Number of protein chains: 2
Amino acid sequence: MGTTERRQREKEQRRMEILSSAREIFFAKGLEGSTMDEIADKAELSKGTLYLYFKSKDELYVSLLSEGTEIFTNMMLESISQDMKAEDKLRSIGNAYYRFYDEYPQYFKILFLLQHGEFSDDKVDQDIQSNCMFEAGRSLNLIESILNEGVEQGEFTIKDSWQATLFVWAAANGVFTIAAEKHHEFMKEFNTKELLDFTMDKIISSLK
Amino acid sequence: MGTTERRQREKEQRRMEILSSAREIFFAKGLEGSTMDEIADKAELSKGTLYLYFKSKDELYVSLLSEGTEIFTNMMLESISQDMKAEDKLRSIGNAYYRFYDEYPQYFKILFLLQHGEFSDDKVDQDIQSNCMFEAGRSLNLIESILNEGVEQGEFTIKDSWQATLFVWAAANGVFTIAAEKHHEFMKEFNTKELLDFTMDKIISSLK
DNA sequence: GTAATATTAGTCATCATATGACTGTCAGTC
DNA sequence: GACTGACAGTCATATGATGACTAATATTAC
């Protein structure tokens, strides 16, 4: 009796369809600028149905953040291989970040540019919220473990690896945040990838 | 508000899924040998749902007949072009029939081999029933109009074009019915296409 | 031959999912 | 500070799906 599985599949599919419509709307108009009616319209569903699949507008949005973070983290993880030196791993995830910035500008924007206040627990399901956190955590853990590995192999000299992790993260993040604002009048031209490479050089030499 | 269209689409899709499952089962086991439970199973739907889309087992089956007849007739129609001589048109639809026999053996089987008694009006929706008839009629009409055209162009000499139509139809049908029984012990080997060509020659010369 | 059993087309009470008019809230306007 | 419009979220209703059940027929057992 495969009807149960089929229905499960169809449910998951519908969820995806809603997410997909929400993505288009949110990417185009941001959290505040988008309405549930609009999303329902795009999904060719009634608004009530959205609430059958997502607790709130916020939950829908956080689900997208979660998606983005997952893509991001996977790109980092897939960019490195076990036989690399710690230094090369760091450069590699820097490049992965660049590719994410380049290939998924919309996700980059909602994840790192738009500050997304707090999402209250009663509006966003715990599972979804924590998946988002978990995915974000994986990136930082990856960096920390690379730093620790670098210390073990004698490549780096670091006292507090968590502090160093945050430093690396902040520095890299800073590059892309600036890059995203390139178009501002007051900002002189620069090449993002070159700035990133330069920054990675500096970061790495400072860790040695 | 596109929800209505979307639901219409999904309904049509579900109908197709059911037909598709029914096709597999009916082709494999025939009308009697197949059960609604089996079809429901394959479609990953409950039996009740089948009856939401089709009035009866017979209606499901007739829908397949209808499908087959439509394919058949379209192949005939598409095989000829207006600038052909009547004789060539006849040969062309003969070849189209051969292709149908060859490419859709299952449809050929349920349409021409299995005798499908009568389907009572209260078991099969009028629309579906008559679509099937209509499609079948198109083939015969096509033949008749070719014959008439042949008479007008002086290619053929026929008194009763409807009688002649049935003759052509019966002769061609006969070839494929025999062909389908090739495998019988008592039957000597022969090449179906050659037999068809030979038959078409005879038919055509007899019409002149 | 017929009683017991099995099979299966078709039904229907119940459940699951989807709908959109409606409510409450809040920001902007007069 | 009353009025308006926009919008997140609700809920009574409608639509669609389910499968245990019934009745009719076929098959087996005696």
Side-chain angles (χ1 to χ4, degrees), chain A residues 1-19 21-22 25-26 28-64 116-125, chain B residues 1-19 21-22 25-26 28-64 116-125:
Chain A
M1 200 243 298
T3 74
T4 324
E5 301 157 45
R6 193 209 81 234
R7 281 165 77 178
Q8 203 48 47
R9 265 197 333 266
E10 285 179 353
K11 223 163 164 176
E12 184 53 28
Q13 234 170 285
R14 182 123 295 171
R15 201 189 132 89
M16 287 305 176
E17 283 164 19
I18 294 172
L19 265 175
S21 301
I25 305 285
F26 280 139
K29 315 196 172 184
L31 175 57
E32 300 300 338
S34 311
T35 73
M36 289 299 267
D37 285 295
E38 245 178 324
I39 293 169
D41 236 47
K42 167 133 292 185
E44 289 179 300
L45 290 166
S46 77
K47 184 156 60 158
T49 305
L50 301 195
Y51 286 93
L52 245 39
Y53 289 82
F54 298 90
K55 218 162 150 176
S56 68
K57 187 182 177 186
D58 281 357
E59 180 163 310
L60 202 35
Y61 192 74
V62 172
S63 300
L64 285 180
H116 18 71
E118 269 309 287
F119 295 103
S120 62
D121 278 7
D122 60 329
K123 290 225 164 191
V124 181
D125 190 89
Chain B
M1 200 242 298
T3 72
T4 324
E5 300 157 47
R6 192 208 81 233
R7 280 163 79 179
Q8 203 49 47
R9 269 200 326 270
E10 286 178 352
K11 223 161 160 175
E12 185 51 29
Q13 234 171 283
R14 181 123 299 171
R15 203 188 131 89
M16 287 306 177
E17 284 164 18
I18 293 171
L19 265 175
S21 302
I25 305 285
F26 280 138
K29 313 194 173 185
L31 175 56
E32 300 300 338
S34 310
T35 73
M36 289 300 265
D37 285 295
E38 243 179 325
I39 294 169
D41 236 48
K42 166 133 294 184
E44 290 180 297
L45 290 165
S46 76
K47 184 157 59 159
T49 304
L50 300 195
Y51 286 92
L52 243 41
Y53 289 82
F54 297 90
K55 219 162 148 175
S56 66
K57 186 182 177 187
D58 281 357
E59 180 163 311
L60 202 36
Y61 192 73
V62 172
S63 300
L64 285 181
H116 20 68
E118 268 309 285
F119 295 102
S120 63
D121 277 8
D122 60 331
K123 291 226 167 191
V124 181
D125 190 270

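Every value quoted in this text rests on a predicted model; they were computed, and no experiment measured them. Naming: A, B, ... by sequence-line order, numbering from 1 per chain.
No more than 12 heavy atoms of other residues, nucleotides or ligands shown are found within 6.0 angstrom of NZ on A/Lys42.
In this structure, A/Arg14 pairs ionically with A/Glu17, as a charged nitrogen and a carboxylate oxygen lie closer than 4.0 Å.
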Report task. Start with the C-alpha distance between A/Arg9 and B/Glu44, add both sets of side-chain angles, then the distance that settles side-chain contact (heavy atoms from CB on, under 4.5 Å), and finish with yes or no. Result -> CA-CA 11 Å; A/Arg9 265 197 333 266; B/Glu44 290 180 297; 2.8 Å; yes
Query raised in the report: Can you check salt bridge (charged side-chain N to carboxylate O under 4.0 Å, His left out) on B/Arg6 and B/Glu10, steps first, answer last?
Result: CA-CA 6 Å; B/Arg6 192 208 81 233; B/Glu10 286 178 352; 3.2 Å; yes
Requested in this report: Could you give me the CA-CA distance, side-chain angles and deciding distance for A/Met36 and A/Leu60, then say whether side-chain contact (heavy atoms from CB on, under 4.5 Å) is met?
Outcome: CA-CA 10 Å; A/Met36 289 299 267; A/Leu60 202 35; 4.1 Å; yes
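Separating the CG atom of A/Leu52 from the C1' atom of C/dT19 is a distance of 10 Å, rounded to the nearest angstrom. The distance between atom CD1 of A/Ile39 and atom C1' of D/dG9, rounded to the nearest whole Å, is 14 Å. If you take CD of B/Glu5 and P of C/dA18, they are 18 Å apart, rounded to a whole angstrom. A/Glu44 has its CD atom 14 Å from the C1' atom of C/dT19, to the nearest Å. As a whole-Å value, the separation of B/Leu60 CG from C/dT8 P is 16 Å. To the nearest angstrom, P of C/dG20 lies 10 Å from CG of A/Leu45.
Contact annotation: B/Thr3 reaches the phosphate of C/dG20 (side-chain N/O to OP1 or OP2, under 4.0 Å). B/Ser46 has a side-chain polar atom (N or O) that falls below the 4.0 Å cut-off from OP1 or OP2 of D/dT18. OP1 or OP2 of C/dT19 sits under 4.0 Å from a side-chain N or O of B/Arg6.
In this pair, B/Tyr61 and B/Phe26 present their aromatic rings perpendicular. The plane angle is above 60°, beyond the 30 to 60° band.
Side-chain polar atoms of A/Asp37 and A/Thr35 form no donor-acceptor pair below 3.5 angstrom.
For the segment residues 7-17 of chain A, the set of residues with a heavy atom within less than 4.0 Å of an atom of DNA chain D comprises A/Arg7, in numerical order.
The side-chain contact (heavy atoms from CB on, under 4.5 Å) check on A/Arg7 picks up nothing, with sequence neighbours excluded.
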Between the protein and nucleotides 5-8 of chain D, which nitrogen or oxygen pairs are less than 3.5 angstrom apart?
unit_1 : atom_1 : unit_2  : atom_2 : d
D/dA8  : OP1    : A/Ser34 : O      : 3.4
D/dA8  : OP1    : A/Lys57 : NZ     : 2.9
D/dA8  : OP2    : A/Met36 : N      : 2.9
D/dA8  : N7     : A/Lys47 : NZ     : 3.0

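Using a 4.0 Å heavy-atom cutoff across all strands shown, B/Phe54 reaches no nucleic acid atom at all.
In terms of modelled atom types and a separation under 3.5 Å, the side chain of A/Ser21 and the main chain of A/Ile39 share no donor-acceptor contact.
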